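Report on the following structure.
No hydrogens, no waters, no symmetry mates; every other heavy atom, side chains included, goes into these values. Predicted model only: the values in this text are computed from it and were never measured.
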Amino acid sequence: MKNVQNELLWITIIFFVIGMIHITFSIIGLLCFIIPFALYFKYKKNLWCKNLCPRAGYFNKVVSKVNIGLKSPKLFTKLGFKKAVVIYFGINLFFVTMSTIMVSLGRIDAIEHIRFLIVFTLPIRLPQLLDLDVVSPLVHLGYRVYSMMFTSVIIGTLLGIVYKPRTWCSICPVNTLT
C-alpha cells in the first residue's frame, strides 16, 4: 500500500476546523479509532500507522520544521509505558462512552468545552460557526472526541518538537494495539 500520510495531513487540520463549524462534526474523529483496527483485522498489518495516519503526516510535514531533535527517552520504548498510555486512553474512551450515555439518560449535563487530558477544562470557548439544533448527547460526544484528539495532537506536537517529529507514534495507543 502506498504511503499517503503526508498528503493526508490536511485531514488533521480539517478535523479541528470542522469542530469550530459545529462540534458534532467532530464525531467523525471516531473513524481514527475504528479504521486502523478494521485495516489490521483485514490485512494483519499495521497499515494505518505506516501509510495512512493523517496525524503522522502532520508530524512529518509540520512538526519536523520546528524539531529540536533531542534523543527520545528509553521510557518511550518500554512496553510498560506504552501499556500505561493505552490504559489511559482506554479509561478516556470509557468515560466518553459512559458520560455520553448518562447525558442521553438526562442524568448529567453535556460538557460544552474542550478538556485536556480528560481532566483540565481549557479556558477558551470553541467557536461554533453554525447554530444547529442538535440533541445534547451528540454535542457532548463531539466535545469529548474533539478533546481526545486535541490532547493527543498537543502531546504529539510537543514530543515532536523536543524529540523526533513522530515520537508520539511510538507511544500512540493505536500503534501499540495494532
Notebook entry, point to check: Which residue pairs satisfy the ring-ring contact (aromatic ring centres under 6.0 Å, His included) criterion with at least one member in residues 111-162, sequence neighbours excluded?
Noted result: F15-Y146, F16-Y146
Notebook entry, point to check: Is V103 isolated, or which residues cluster with it under the ILVMFWY side-chain rule of less than 4.5 Å, directly or via members?
Noted result: M102, I108
Item checked: Partners meeting ring-ring contact (aromatic ring centres under 6.0 Å, His included) with Y163 (sequence neighbours left out) -> F76
Item checked: Residue pairs fulfilling salt bridge (Lys or Arg N to Asp or Glu O under 4.0 Å) with at least one residue in residues 2-22, sequence neighbours excluded -> none
Next item on the list: Give every residue pair that meets the side-chain hydrogen bond (donor to acceptor under 3.5 Å, both in side chains) criterion with at least one member in residues 165-178, sequence neighbours excluded.
Entry: Q5-R166, N46-N175, N46-T178
Checklist line | Inter- and intrachain pairs under side-chain hydrogen bond (donor to acceptor under 3.5 Å, both in side chains), touching residues 71-94, at least two apart | finding: none
Margin query: Test: side-chain hydrogen bond (donor to acceptor under 3.5 Å, both in side chains). Region: residues 12-34. Which pairs qualify, not counting sequence neighbours?
Written below: H22-T24
Checklist line | Set of ring-ring contact (aromatic ring centres under 6.0 Å, His included) partners for F37, sequence neighbours left out | finding: none
Next item on the list: Tell me who clusters with I101, hydrophobic residues only, linked when side chains sit under 4.5 Å apart either directly or through other members.
Entry: F94, M98, L105
Note to self: Show me the pairs that pass salt bridge (Lys or Arg N to Asp or Glu O under 4.0 Å) and involve residues 116-143, at least two apart or across chains.
What the structure shows: E112-R125
Item checked: Exam field: side chain N51 to backbone V4, donor-acceptor pair closer than 3.5 Å -> no
Item checked: salt bridge (Lys or Arg N to Asp or Glu O under 4.0 Å) partners of residues 51-64, not counting sequence neighbours, each pair once -> none
